[in-house]
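Chain letters run A, B, ... following the sequence lines, proteins first and then strands; every chain starts at 1.
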Number of protein chains: 2
Amino acid sequence: MTRGDKRDQIMQAAETLFTSRRFHEITLDEVAQAAHVGKGTIYRYFKDKDDLFFQTATKGSDDLYAVIRASVPEGVSFEDKLLAVCEQVSAFYRKRREILRMIQDQEGRMPRCGGEMRRRWSERRENVLSAVASVFRDGVEAGQVRSDIAPEVLAGFLLGALRARVRELASHPGGMPPISQVVDFVIHGAVSRGAKESIS
Amino acid sequence: MTRGDKRDQIMQAAETLFTSRRFHEITLDEVAQAAHVGKGTIYRYFKDKDDLFFQTATKGSDDLYAVIRASVPEGVSFEDKLLAVCEQVSAFYRKRREILRMIQDQEGRMPRCGGEMRRRWSERRENVLSAVASVFRDGVEAGQVRSDIAPEVLAGFLLGALRARVRELASHPGGMPPISQVVDFVIHGAVSRGAKESIS
DNA sequence: CCGATGGAACTGACCGGTCAGTATCGCACG
DNA sequence: CGTGCGATACTGACCGGTCAGTTCCATCGG
C-alpha cells in the first residue's frame, strides 16, 4: 500500500460523511473507522478537522473541473457540447451530491482560515465556472450564442438551473427527462415559440 | 417590553450569526449576548440549538414567501411580473443573504429531527417555489410561456439562475445590470436572435 | 532495524443545557 | 394608595458530557 492510498481512503470516507451530515455531527473517530485507519493517521495527513474538510471539498471541485474539461467534445455543435456538459455535471452531482454545493458556497463560511483558504476556494469555483463558460464562449464565436451576456454569467445561470433540477429530481425520484429540459431551457428560454415576436 | 420582543431579538441575532459562520462555530452564549438576553432565556422560547436554527430559517423562508406573494402585481404583462418577482427575491436575498441558501438546502443535513422537521422544511421550499411558479402559470395560460416544462420547474430554474447572479454580484461588487439580465435570459435563453432558426 | 501504522487510552478545553435564585408583573385586599 | 403575594420571565454561574487532538506502544512490512 503506497503513500497516497491512505490519504485517499481518508478523503473518500470524509467526503461521504461530511456530505451526509453536518460538520459538527461527524467525529474524527467515525472518519477513522470508516476509512479503516487509525485516528492518529488522519493527523499524519491533515492538520486538523477543518483542514480535512477543506481539502476534501477542494478535491471534489478539482475533480469536477477535470471531468468537465475532459468531457467537452471538440468539433460538435453548440447544443451537443452543452448537453455533454450538463450530463457530466449532473452525473457528477448525483454521484457526489454535496460537492457542487460546497463549491457554490465559496462565499460566506470559512472565516477562520485566513483569506488564504478563502482565496483558494473562489479560485476553484472560478475554474469550474470558466470551464463551463468556454462552451458558451465557443458558441458566441460561432455566432450561436448571444454576446450581450458574459459567458461566465451564462455559465452561472446554467449551473444554477442545473442544480435546481438535479435537486428537484433527488427529492422527487421517478420524475424524468431532466437534462434535456435544462438544455432546452437554457437555449430557448421560457417563452413559447408562438409568442416570441410579441415580447420586448 | 412585550412578550414577543425577546423572541424576536433572539431570532434576529441568531439569523445574523448563523448566516455569518458555520453552525458549530456559533455558541449560544454568543447568541445570548448578541440578543442582549440571558442564555437561559433562549431555552424559554426554543427547545435547543437545532430548534433555534430551524425556526430561524423557517421564519426567513416564510418572510420570503410573503414578500413574493404580496409583490406580484396583478393585471400586468408576464415580463413585468417576472421582473417584479426577480427584484423582490433579489432584494430579499441581498438583505438576508443566507436565508435562500437555507431554504434551498432543505434536502440533506437535518437528519436528527425525525421526518417531521424535514417535512416542514420542504413544505416551506414548495411554498416559495409555487409562489414563483404562479407567475409562469399565468404566462402559460396567456399563451406566452411554453407549456412543455412545468411551471414549478421553470421557477426552480429562475431561482437557481437568480441565485447564481446575486452571488456573483456579491463577490464582485460594482458589476452591473443584474436583474434585467436574468429576466432576459429566462425569457429568451442563451441563443442569439439570428441563430434561432438554425437550431434544433 | 526503521519508519509507518493501528488504535486504545488519555486530557483538557469547550459548550449545550440546567436550575436555583432574582426581577418584574398583575392583582387582590385593607 | 401601598403592600403583600403568586406567577411568570429572566439570568448567568455551573455541571457534565463530548470530542479534537496527543501520546504511546505493539505491530507490520520492507
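- Side-chain atoms of B:R165 never come within 3.5 Å of backbone atoms of A:G156 as a donor-acceptor pair (strictly under, hydrogens ignored).
- Between the CD atom of B:Q9 and the C1' atom of D:dT11 there is a distance of 14 Å, rounded to whole Å.
- Two residues are said to be in side-chain contact when any heavy atoms from C-beta on lie closer than 4.5 Å; B:Y93 and B:R163 meet this criterion.
- A side-chain contact (heavy atoms from CB on, under 4.5 Å) with B:V85 is found for exactly one of B:V72, B:V67, B:L159, namely B:V72.
- The salt bridge (charged side-chain N to carboxylate O under 4.0 Å, His left out) contacts involving residues 67-77 of chain A comprise nothing, where partners must be two or more places apart or lie in separate chains.
- A cation-pi arrangement, defined by a distance under 6.0 Å to the six-membered ring centre and an angle within 45 degrees of its axis, is absent between B:K47 and B:F54.
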Would you mind writing out the side-chain donor-acceptor pairs for residues 129-136 of chain B within the sub-3.5 Å range, not counting sequence neighbours?
residue: B:S130; atom: OG; partner: B:N127; partner atom: O; Å: 3.4
residue: B:S134; atom: OG; partner: B:A131; partner atom: O; Å: 2.7

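- Atom CD of B:E25 and atom C1' of D:dA20 are 14 Å apart (whole Å).
- What separates CZ of B:F46 from P of D:dC10 is a distance of 12 Å, to the nearest Å.
- C:dA4 atom P lies 16 Å from atom CG of A:D5, rounded to whole Å.
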Listed pairs, N/O of protein and of nucleotides 17-23 of chain C, under 3.5 Å:
residue: C:dG17; atom: OP2; partner: B:Y43; partner atom: OH; Å: 3.1
residue: C:dG17; atom: OP2; partner: B:K49; partner atom: N; Å: 3.1
residue: C:dG17; atom: N7; partner: B:K39; partner atom: NZ; Å: 3.0
residue: C:dG17; atom: O6; partner: B:K39; partner atom: NZ; Å: 2.6

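- Residue B:Y45 places at least one side-chain N or O under 4.0 Å from the OP1 or OP2 atom of D:dC10.
- The interatomic distance linking A:K6 (NZ) with C:dG7 (C1') rounds to 12 Å, in whole Å.
- Contact annotation for A:I26: backbone-only contact, meaning every heavy-atom pair under 4.0 Å involves sugar-phosphate atoms and none involves a base.
- As a whole-Å value, the separation of A:R44 CZ from C:dT5 C1' is 8 Å.
- Two residues, A:H36 and B:T27, neighbour DNA chain C, and the one matched to the more 5' nucleotide by heavy-atom proximity is A:H36.
- At least one donor-acceptor pair under 3.5 Å links the side chain of B:K49 to the backbone N or O of B:F23.
- Going from atom CZ of B:R7 over to atom P of D:dA9 covers 13 Å, rounded to whole Å.
- Whole-Å rounding puts the A:R22 CZ to C:dG16 C1' distance at 14 Å.
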